[in-house]
Amino acid sequence: MAYIKDERPQTIGVEGTWILSAYHYKGSRLMEEYVKGLKKKKFIGSFCPGCAKVIVPPRNLCGRCHRIMDGRKTVSDKGTITCFVVSPPIFKGKLKVIGMDPVETGLIKDGEVVIPVFVKFDGSDSNTDTILLNADPKAVHIGMRVKAVWAKKPQGALSDFEGVEPL
Amino acid sequence: MKRNVAIIGCGQTKHSSRRRDVNVAELVSEAVFNALEDAKVSLREVDAFVVGNMPGFGGIAQPEQWLGDSIGAAGKPVLRIATGGTTGGSVGQGGYYTVASGLHDVVVAVAWEKHSDSKEAGATTGLLHVGLANFFHASAYGLSLKNLVATSVVGAAAGVAVYQATFYMYRSGCSIKHFDMVAAKARRNAAKNKYAHLQWPGCTPEDIAKTEIITYPFRYGHVCPASDGASAIVVAEETVAKKKARQPAWFKGLASYSDEENQLQSENMGGVGVTDPSEQRGAWLSAMKAYRMAGIRDPQKEIDMAEIYQPFPSQELIFSERLGLFDEGTAWKALERGETDINGRMPLDPSGGVNATNAIGSSAMQRILECALQIMGKAEEHQVPKKVHNAVAHGWGGVTNYTTVTVLGDSPGR
Amino acid sequence: MRRRVAIVGYAQSHHQHNMQKTREDMVFEVCKEALHNAGILREDLDTVVTASSDFLDGRTISSVFLSMAVGAFMKDESKVEEDGTFALYYALMRILAGSHDVALVEAHTQGSTLNPHQVTCFTLDPLFDRQIGVLNDIAAAALQARMYMNRHSVSEKHLAMVAVKNITNAAKNPYAHRKMPDLSVKEVMSSKVFYDPIRELTMSPISDGACAVILASEEKAKKFTDKPVWIEGVGTCQDSYLRDRNIENLDSLQTAARTAYKMAGIKNPLAELDVAEVSEKFAHEELMIYEALGLCKKGQGKNLIEKGTTRRDGSMPVNPSGGALGADPVCATGLIRVIEAAKQIKGEAGRYQVPGVRRALAHGQFGICAQKNTVYILGGN
C-alpha cells in the first residue's frame with residue numbers, strides 16, 4: 001500500500017512508565033470485618049436479603065438483585081473443593097514472586113508442589129480462593145472434603161487463614 | 001425497520017511477537033489502509049471511526065488522540081471502546097451500531113495491540129494491573145505471601161482458564177490429549193493464514209504433547225502467544241455495500257451480555273457468586289439473543305462455521321458448547337471425529353484462532369473479520385471448502401466477565 | 001433520526017474533593033438513584049454503556065469490577081473510554097439501531113485516585129512530547145489561552161469574569177464541588193498561577209463524582225414519564241493531534257455543533273436556544289466555545305461576557321449550574337452537563353433555574369485543549 005513509509009528495518013526505542021503505586025486506591029471497610037472474624041477462626045460472609053446468597057469473603061453489592069448485601073452470616077470452616085490446579089514442582093530459580101524467589105526466601109521447599117484450590121465452605125454460595133496443604137497431589141479431586149487451617153497465633157490478618165487440608 | 005449493515009472490506013497486519021519495524025501508529029494505519037483498499041473505499045467516503053485497544057499494554061492513554069491523524073480520523077467522529085479481551089469484538093459491534101443507527105453510512109472499525117511495547121514479556125504488564133489494586137488493598141490486611149505464590153503459579157488471565165479447563169474435564173470427561181488436538185489443529189490452520197503468528201504446518205498432537213507442562217492441564221504448547229498486530233473492518237449500509245462488494249458479510253445478530261465478574265475475586269477482594277468457572281452463562285445468553293436476532297433456530301444445523309475466542313484450547317470446547325454448536329459435554333467427541341477440522345462439518349477457527357495469534361485488543365475483532373472473509377470467499381488458503389451462509393464470531397474477556405457474540409451471514413435479514 | 005429518543009431519568013453524586021466511598025459504591029448509588037428517578041426497575045433496562053478511563057482509575061479494564069454496581073448483570077453492556085457524552089452517543093446509537101429500547105449510561109472518575117493532570121502526560125505523543133516532559137494539559141491550555149488572547153485582544157479580566165460567573169452560579173447548585181458565592185474578579189486575579197495565564201480559580205477543580213442517565217425510545221419514554229426530554233440533535237468530531245492543529249480555534253466543536261444544529265433544525269442558535277451547558281475546563285475555553293457554537297462572531301466572545309449576556313439572568317445563559325469550573329470529575333463532566341440541561345427543561349433546577357426553557361444545548365469534551373467534542377440539542381414537549 002502506497003501509504004506505508006519507506007523501508008526502515010528497525011524503530012528506535014523510547015521509554016515511558018505507568019507507575020501504579022502512585023495511585024491512591026480506595027478500599028471498602030468490609031475487609032476489616034472479615035479479618036476480625038479470621039482472628040476468631042470464623043468465616044464471615046455477606047448475605048443478600050434479596051436472593052439469600054452468601055458470599056465469602058464478603059462483598060458489598062449483589063449484582064443480581066442490584067442492592068447492598070448488608071446481612072452477615074458466619075459459614076462453616078469445613079467445605080468442598082469445587083476446583084483445583086496442581087502446579088509442577090517448583091525448583092529454585094524457576095519462579096519469581098514480586099521480585100523474590102520463593103524457594104530462596106523459604107516460603108516453600110525446593111521441589112514443592114503448590115495446589116491452589118477453590119473451596120465452597122458449607123453454608124456459602126461462593127468460591128473462596130485458597131491453597132491445599134498437607135495433601136497428596138494425586139489424591140486431590142473435585143468434591144473432596146476439606147477443613148480450614150488456622151495460624152497458630154492469629155493476628156487479625158488475612159494470613160491467619162493459612163489454607164485448607166483434607167478432612 | 002432495521003437497517004441492513006454489512007462488512008465490505010477487511011484489513012490486517014502480519015502478526016508477530018515483535019513488530020519492531022513499525023511504531024504503533026504505523027501498525028494501525030497499515031491495517032486501516034489494507035481494509036480501505038479491500039473495500040474499494042477512499043478516506044473521503046468514511047464517515048466515522050470506532051477504535052479500541054487495551055491501554056495498559058502500550059502505556060499510552062487515549063492513543064487514538066495521537067494516532068488519529070495517521071488513520072485519517074482528524075475532522076471526523078471517533079469513538080473509543082475498550083473492554084479488555086473483548087475489545088475487538090466490542091469495537092466490531094460498535095461499528096455495526098454506528099451504521100445501523102442511521103447517523104453514519106460508512107464506518108471503519110479498527111482494533112490493535114502492540115505487546116512488544118510492554119517491558120515485561122508477553123501479556124503480563126497490562127493483565128497484572130487488572131487486579132493489582134485489589135492486591136494493594138489485601139496486602140494492607142496482611143495477605144500471606146504463600147497465597148501470592150499460589151496466584152503467581154496460576155497466573156493472571158491464565159488463572160481462571162486453568163480452573164475452567166479442570167472443571168470442564170470433570171464435567172465432560174475429556175482429557176489433556178483433546179487439548180493437544182485442539183492446539184495442533186490451531187497451529188496447522190494458522191500455517192495456511194499468511195497473517196497469523198504461530199505457524200506450524202503439519203503440527204500433530206504428539207508434537208504438542210512433547211512440550212513441558214506449565215500447570216496441569218496446560219502445556220507450553222497449548223498457550224497462545226503475545227502478538228503485535230492490528231485488524232480493521234469497513235462497515236457500510238445496504239446501498240453502499242451492494243455497490244462496493246460482490247458478496248458483503250451481513251450483520252444478522254449480535255449481543256454482549258455481562259456475566260458475574262472476574263471469577264477469581266470481585267471488587268475489594270470479595271468472593272464471587274458463581275461456583276462453576278466453566279458455566280459462562282453470559283456467553284449462552286448472548287448466543288441466544290444473537291441467534292434470535294438472526295432468525296436462527298437450530299445453530300447446530302444452520303451455522304456453517306465458527307470463530308471462537310480460544311487463547312487456551314479448553315475454551316474452544318467450552319464455548320462451542322455455550323454457543324449451541326454441540327450438545328453439553330460433547331464437543332470433545334466431535335473433535336475426535338474430525339468435525340471441527342477445516343474441512344469438517346463444523347469448522348472451528350480455520351484461521352488458527354487466538355491460540356495461534358493473540359494481539360489482545362485486536363483478537364476478538366479478528367474473529368469477526370475471519371468470519372467475514374469466509375463469507376466473502378476471500379480467506380485464500382484457509383477458506384473452508386463448503387459455502388458459508390452463516391458464521392458466528394465470539395469474543396471473551398474481562399477475565400470471564402465479558403462475552404461478545406456476532407452472527408454474520410451471506411444475505412441480509414432472515 | 002430514525003426514532004425519537006428521550007432522557008427519562010438521571011442522577012448525580014455530590015461532587016467533592018475526596019469522596020469517602022469506593023468507586024463501586026459511588027457508581028452503585030448513582031445508578032440506583034437514576035433508576036428510581038425514572039421510576040423503572042433494573043429489569044426494564046435493555047443495555048448499559050459506561051464511561052471511565054483505565055489510566056484515571058489505575059486499573060486495566062477499569063469497568064471489570066463495576067458491572068455489578070452499574071446494574072449490568074446479564075445485560076448487553078459495553079464501555080466507552082472517554083467522556084460520558086460519548087457513552088451517551090453510543091447508547092443513543094444502540095437505541096436508534098432498533099435492537100434496544102431502554103439504556104442506562106453511567107460515567108465516573110475519582111480524581112483523588114491520581115491527579116488527572118498528571119495522567120494527561122500519558123495522552124501525549126509518546127515519541128517526542130512525552131519524552132521532552134514539558135507539556136501537560138494545563139501547559140497546553142495556557143499556550144492556547146495566550147494565543148487566543150493575543151489574537152483577539154482578550155484580557156485576563158475577561159477570563160476572571162467567566163470564572164466569577166460560573167463559580168458563583170455553582171454556589172446555588174447542591175451537587176457542585178466548588179462553591180464561592182462572594183467570589184470577585186480581584187480574588188480570581190490574585191489566585192495562584194499555574195501556567196500563566198491559567199490560575200487556580202480559572203481552571204476546574206479535581207473532583208470525585210459520578211452520574212447516570214436513562215434513555216428510552218419514544219414508545220417507552222411516553223409510558224415512563226409525561227415530561228421526557230427529547231434528543232433533537234447530536235454531533236461529534238475529533239480534531240488533529242495537539243501539535244498538528246491550530247489550537248486558537250475549536251474546530252471540532254464547530255463541526256460537531258453544525259451537525260447537531262442541522263439535525264435539530266436550528267439556524268440561529270443565539271435566538272433559538274434558551275440555555276447552554278458547556279464543559280469549560282479552563283475559563284478561556286468558555287469564550288472560545290461561544291464562538292465555536294456560533295453564539296457570536298469569531299473573537300467576540302469577550303463581548304458576551306462583558307455585556308452579561310451569558311449570566312444566569314442574561315438573554316443566553318451559559319452554565320447556570322456552574323459548569324466544569326464548579327465540578328470536574330473528568331469522565332463524568334460532559335454527562336453532568338446533559339443532566340443539568342435536562343433539569344432546566346424539566347424545571348427541576350431549583351435555585352439556579354432559568355425561566356421558560358424549551359430548548360437547551362449540552363456539550364462534552366475530552367482530550368488536551370478540547371481535542372474531541374460532542375454537542376447535544378435537547379428539547380421539551
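Chain identifiers are assigned alphabetically (A, B, ...) following the order of the sequence lines, protein sequences preceding nucleic acid strands; residue numbering begins at 1 within each chain.
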- [ ] Just give me the residue among B:Leu103, B:Thr403, B:Leu285 that pairs up with chain C most often, heavy atom to heavy atom, under 4.5 Å.
- [x]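 Greatest number of close heavy-atom pairs with chain C: B:Leu103.
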- [ ] Heavy-atom pairs under 4.5 Å with chain C are the metric here; pick the option from B:Pro63, B:Ala74, B:Gly75, B:Pro55 that has the most.
- [x]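 Between B:Pro63, B:Ala74, B:Gly75, B:Pro55, the count favours B:Pro55.
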Open item on the list: Using side chain to side chain contact (heavy atoms under 4.5 Å, CB included), reason through B:Leu79 and C:Glu82 one step at a time and then give a plain yes or no.
Closed with: CA-CA 8 Å; B:Leu79 191 64; C:Glu82 30 207 13; 4.0 Å; yes
Quick check on [X] against chain B: is it the side chain, the backbone, both or neither that has a heavy atom closer than 4.5 Å?
X	answer
C:Tyr89	side chain
C:Gln371	side chain
C:Asp54	side chain
C:Lys75	backbone

Task: Among C:Cys237, C:Gly98, C:Ala87, residue most engaged with chain B (heavy-atom pairs, under 4.5 Å) - done: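 Option with the top pair count is C:Cys237.
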Open item on the list: Under a 4.5 Å cutoff for heavy-atom pairs, which residue among C:Asp125, C:Thr47, C:Val80 has the most contacts with chain B?
Closed with: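 Option with the top pair count is C:Asp125.
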Task: Neighbour count above 12 (heavy atom, 6.0 Å) for B:Arg281 CZ - done: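 No, CZ of B:Arg281 has 12 or fewer neighbouring heavy atoms, counting only those of other groups under 6.0 Å.
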- [ ] Count the heavy atoms of every other residue, nucleotide or ligand shown that sit under 6.0 Å from CZ of C:Arg258, and state whether that count exceeds 12.
- [x]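 12 or below, so no.
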Closest approach of [X] to [Y] (non-hydrogen atoms, all atoms of both residues):
X	Y	result
B:Gln65	C:Ile368	OE1-N, 4.3 Å
B:Gly68	C:Gln238	CA-NE2, 4.2 Å
B:Met293	C:Ser99	CE-CB, 4.0 Å

- [ ] Would you check, one step at a time, whether the test side chain to side chain contact (heavy atoms under 4.5 Å, CB included) holds for B:Trp66 with C:Asp129?
- [x] CA-CA 11 Å; B:Trp66 160 59; C:Asp129 292 326; over 6 Å; no
Task: side-chain hydrogen bond (donor to acceptor under 3.5 Å, both in side chains) partners for C:Ser52, two or more places apart - done: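 Partners of C:Ser52 under the side-chain hydrogen bond (donor to acceptor under 3.5 Å, both in side chains) test: C:Ser62.
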Task: Test log, rule side chain to side chain contact (heavy atoms under 4.5 Å, CB included), inputs B:Gln62 and C:Ser53 - done: CA-CA 9 Å; B:Gln62 319 296 129; C:Ser53 160; 4.0 Å; yes
Open item on the list: If I measure from the heavy atoms of chain C, does B:Ile60 come under 4.5 Å with its side chain, its backbone, both, or neither?
Closed with: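 Looking at B:Ile60, backbone and side chain both touch chain C.
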TODO: Examine whether an atom of B:Phe49 lies under 4.5 Å from a heavy atom of chain C, and if so say whether it belongs to the side chain, the backbone or both; otherwise answer neither.
DONE: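 For B:Phe49, neither part sits under 4.5 Å from chain C.
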TODO: Please check if the side chain of B:Asp69 supplies one atom and the backbone of C:Tyr241 the other of a donor-acceptor pair under 3.5 Å.
DONE: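 Confirmed, B:Asp69 side chain pairs with C:Tyr241 backbone.
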Open item on the list: Tell me whether C:Asp76 contacts the main-chain N or O of B:Ser256 through its side chain, where contact means a donor paired with an acceptor under 3.5 Å.
Closed with: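 Judged by distance alone, yes, a pair lies under 3.5 Å.
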TODO: Look up atom OH in B:Tyr257 and atom CD in C:Glu77, then write down how far apart they are to the nearest 0.5 Å.
DONE: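 The CD atom of C:Glu77 is 12.5 Å from OH of B:Tyr257, to the nearest 0.5 Å.
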TODO: Would you list the pairs meeting side chain to side chain donor-acceptor pair (under 3.5 Å) in which at least one residue belongs to residues 93-102 of chain B, sequence neighbours left out?
DONE: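 Every pair satisfying side chain to side chain donor-acceptor pair (under 3.5 Å) with a residue in residues 93-102 of chain B: B:Gln93-B:Thr406, B:Tyr97-C:His100.
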- [ ] Could you list the residues that satisfy side chain to side chain contact (heavy atoms under 4.5 Å, CB included) with B:Ala61, not counting sequence neighbours?
- [x]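 Scan of B:Ala61 (side chain to side chain contact (heavy atoms under 4.5 Å, CB included), adjacent residues dropped) gives C:Phe55, C:Phe122, C:Thr123.
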Open item on the list: Sort by residue number and list every residue of residues 80-89 of chain B having at least one heavy atom under 4.5 Å from chain C.
Closed with: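 The list, in residue order, reads B:Arg80, B:Ile81, B:Ala82, B:Thr83, B:Gly84.
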